[in-house]
Amino acid sequence: MPDAPGLELIRGEIEQDHPGAILDTSFDRGQATLVVDSEQVLEVLRWLCDAPGQGYRFLSSLHAADYLPATPRFAVHYELLNRNRVERLRVKALLADPSAGPVTAGDPPPPPVAKASSGVGSPTAPPAEGLPEIDSCVELFPTADFQEREVFDFFGIVFRGHPDLTRILLPEDYVGWPQRRDFPVGGEPVTFTYNERQYG
Amino acid sequence: MADGLSSPLSAPPAVETEVMTINIGPHHPATHGVLRLVVDLEGEVVRDLKPVIGYVHTGIEKSCEDKSYWKVIPFVERMDYVSFFFQMEAFCGAVERLVDLEIPPRAKYLRMIFLELNRIHSHLVWLGTTALDLGAISMLWYCFRERERILDLFEMATGQRMHTRYFQVGGVIEDIPVGFEEKLRKFIADMPVRVGQYEALLDRNEVFLQRTKGTGIVPRERLLELGVTGPLLRAAGEPWDMRKTFDYLAYPEMDFKIPVGTVGDNYDRYRVRLAEIVESVRIVEQSLDALPEGPFIADDRKYVLPPRSELPTSMESLIHHFKLVTEGYRVAPGEVYYAIESPRGELGCFVLADGSAKPARVHFRDPSFINLQAFKDMAVDTYVADMIVSLGMLDPILGGVDR
Amino acid sequence: MRDRQLRARDMLRGDLEGEELERYVEEKVVVTRFEEMLNWSRANSMFPLSFGLACCAIEGIPMSAVTARYDIARFGAEAGRASPRQADMIILSGRVSIKMAPVVRRLYDQMLEPKWAISMGACSSSGGMFSNYAVVQGADKFMPIDVHIPGCPPRPEAVLYGFTKLQRKIMGNPDQGWRQRYNAAGTEEWARGGPASTPSPEAVEAYEVARELARA
Ligand code: SF4
């Protein structure tokens, strides 16, 4: 981990090359985070990867999170790793929800047994309007391929320029983005004697 | 592969052939679970391949958001069901970093013992099933013989064979019972001998050597680009092991080596894993020798259940117990990514706390999921039979891939 | 042994007569119905589908229960078949996701009659701990199940026990479970309305269709 002053140094250097790219930094529980503008995330990643003295060339993990009551609502996290210095750095790109306004309840969950989807790899129709978008980093880090698809699958975040952005873990005809905070967990209540009236 | 056979792999054949798309799985005995592969074949040569996953997607990450922190532990265990202790460690470690809780030394050593036993267990399951795919059925019986002994140890200490829920935030739930150490010592004395026996069975088996040597090679740079970690990366000659590079538990005090391969073919992958079993045995032995006395769980009543014996006598303990069990503890907002070396590579756990008693997001960076991306590189332009070997040596656990 | 073989030969030659023959027949011949014999042999030479879904697969038929310590071969079910067309029994070992459910159903449909299904573990019996959007809450929502084995994961011994229960069921002598032992028949709990409730119109219709098909 770069320590807190190291993080500020990195911030300063990036700001020279890409003014306005870094929105904030945080150093919390020993982990350094750069909060970046989602439009410039690719430049920042490339800079961290290639700039002399940096070399965060290994993308450990790419995942998203939904900070529901907050705005901007989503964030995509890039856990970068410098394997020579054994340092981790988290880059966090904040994304607003374009379909914002009042918080809508998630799409209704489908019936438990969804239809079989036999076709493989048929690219879905261009993703619906109203989804947050961010640049894909597959060119830079080929490992992001599956992980970006997973984020798309669960959060409905569209990665511009991803070669094959389809659902990966859920059936292709699934409706909804299950890991958003406003999506119901689902499942079934179990009937016991005490709640028989309610569900029985 | 003999020279005469290798020609169709590279050069396009003189006769015109048709590319045929074949679907393998999701129910197929050689896909180690419910993996589906859509393969383009030209004769017997794989030209393109696409893994289709998600057939055991369980929504664990979503379920975790609905449970208080200590109830999440059994959920995360069931992701990668062959290395359950590692999931527990990743999650408990992440929460410990979130709440800034130091675990006592004895708990560190106990955790290491169980983690390394679990690593051996995982590699044994891998060896048995992969050898089965290669036609060496007897290996399954020998590997599962030793596996049962490990599971006996787990059962003795935790009460369950699999999915033990032994690690807690702050330490482990119980001390090891009387007689455990003796049994464990017997096991670690036997295990290196057994590894020698496996080698004797496989290493001079012509069929096994022919099918593994020189197949499924992916260059080291490409593996790094694809984010592959664990034995696959080490077999390609990159000595990257998070037990050495990062400081977690008491691994810095242990003396062990990192086995690396030279060529990066399937045979190297097999050798690296067998060597890792022996190294794990050494770690278990050292941690058992150095096992410090003292408490096995931290003494912070805010996060750790009070010991059972205090409940009848101390009102305060009773209240703590009640609060922890019904409501759980609150964690100040923050986010932590904590990664450890699982039998398959970097297992990372990302926990986002929003100040309530339930995590706002639990995400696992599962090594099988990431490593599966390298499968295309391993299998394209090889024979179907080699593809099956490569898949076995990749060792994906579909529960971990799909979560 | 040798003596018996000699006597068998004697009988075949017609040398055994009178009382000797009677005694021999009493000792050696069991009279049964053909159906029962068929069921007996079915129950004792089962071909399970070697099919694993999740964690339970490692403890169940494809792996642990087959290996040396538990050895399901003692009950005649060690010959796992990879193709559903050759299998008699499917063990659902693990959680069935909404993506997998159609596949499982199809596998079950491809098996030849007579066929049996065991649901192993909490997940495939009821959804288990995963009460969420991705898991089918109980495999009997989409296919008939004969025996449920509880546990998470069930021990291999439990799998063997469940399997012997299935064998008794096949032999036409099904185990009534604790209700019989404690004389508690009639205490079953029924979801939605109880045993006397009228079937839904769809169910009546489906039943009619099935009867039509059977008659044709
Ligand atoms: S019942 Fe338990 S062990 Fe079996 S598949 Fe479900 S979670 Fe895994």
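Numbered from 1 within each chain, the chains take letters A, B, ... in sequence-line order.
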Distance-only donor-acceptor hits, side chain of residues 85-92 of chain B, under 3.5 Å, sequence neighbours excluded:
unit_1 : atom_1 : unit_2 : atom_2 : d
B:Q87  : NE2    : B:D80  : O      : 3.0
B:Q87  : NE2    : B:S83  : O      : 3.2
B:E89  : OE1    : B:R111 : NH1    : 2.9
B:E89  : OE2    : B:Y338 : OH     : 2.8

Q. Of the options B:K71, B:R78, B:K67, which is the one that meets C:M129 in a side chain to side chain contact (heavy atoms under 4.5 Å, CB included)?
A.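 So the option named by the test is B:R78.
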Q | Spacing of B:M162 atom CE and C:C55 atom SG [to the nearest 0.5 Å] | A |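 If we round to the nearest 0.5 Å, B:M162:CE and C:C55:SG are 5.5 Å apart.
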**Q.** Separation between NZ of B:K62 and CG of C:N132, rounded to the nearest 0.5 Å
**A.**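 So the NZ of B:K62 and the CG of C:N132 are separated by 9.5 Å.
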**Q.** Choice from B:T58, B:V56, B:V34 maximising heavy atom contacts with chain C below 4.5 Å
**A.**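 Highest number of pairs under 4.5 Å: B:T58.
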Q | Residue among B:E155, B:Q160, B:H28 with most heavy-atom pairs under 4.5 Å to chain C | A |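 The residue among B:E155, B:Q160, B:H28 with the greatest pair count is B:E155.
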With a 4.5 angstrom heavy-atom cut-off, is it the side chain or the backbone of [X] that approaches chain B, or both, or neither?
| X | answer |
| --- | --- |
| C:I58 | both |
| C:C152 | both |
| C:R69 | side chain |
| C:A57 | neither |

Q: Could you look at B:H57 and say if it's the side chain, the backbone, both or neither that has a heavy atom under 4.5 Å from chain C?
A: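 When you check distances to chain C, atoms from both the backbone and side chain of B:H57 fall under 4.5 Å.
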Q.
At a 4.5 Å cut-off on heavy atoms, which part of B:I53 comes close to chain C: side chain, backbone, both, or neither?
A.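 Only the backbone of B:I53 comes within 4.5 Å of chain C.
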**Q.** With C:R106 via side chain to side chain donor-acceptor pair (under 3.5 Å) - residues at least two apart
**A.**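 Here no residue qualifies.
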Q) Under 4.5 Å, heavy atom to heavy atom, which residues of residues 140-153 of chain B contact chain C? A)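 Near chain C, by residue number: B:L140, B:W141, B:F144, B:R147, B:E148, B:R149, B:L151, B:D152.
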**Q.** chain C contact residues among residues 392-403 of chain B, heavy-atom distance under 4.5 Å
**A.**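 Against chain C, the residues of residues 392-403 of chain B that fall inside the cut-off (heavy atoms, under 4.5 Å) are B:G399.
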Q. Okay, side chain of B:H27, backbone of C:L53: is any donor-acceptor separation there less than 3.5 Å?
A.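 No, because the side chain of B:H27 does not come within donor-acceptor range (under 3.5 Å) of the backbone of C:L53.
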Q) What is the minimum heavy-atom distance between C:A134 and B:G59, and which atoms define it? A)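 Looks like CB-N, 3.8 Å.
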**Q.** Shortest non-hydrogen contact from B:G54 toward C:S97
**A.**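 Heavy atoms only, the tightest pair is O-OG, 3.9 Å.
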Q) So do the side chains of B:R161 and C:S64 get within less than 4.5 Å of each other, counting heavy atoms only? A)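 Result yes, sub-4.5 Å side-chain heavy-atom pair found.
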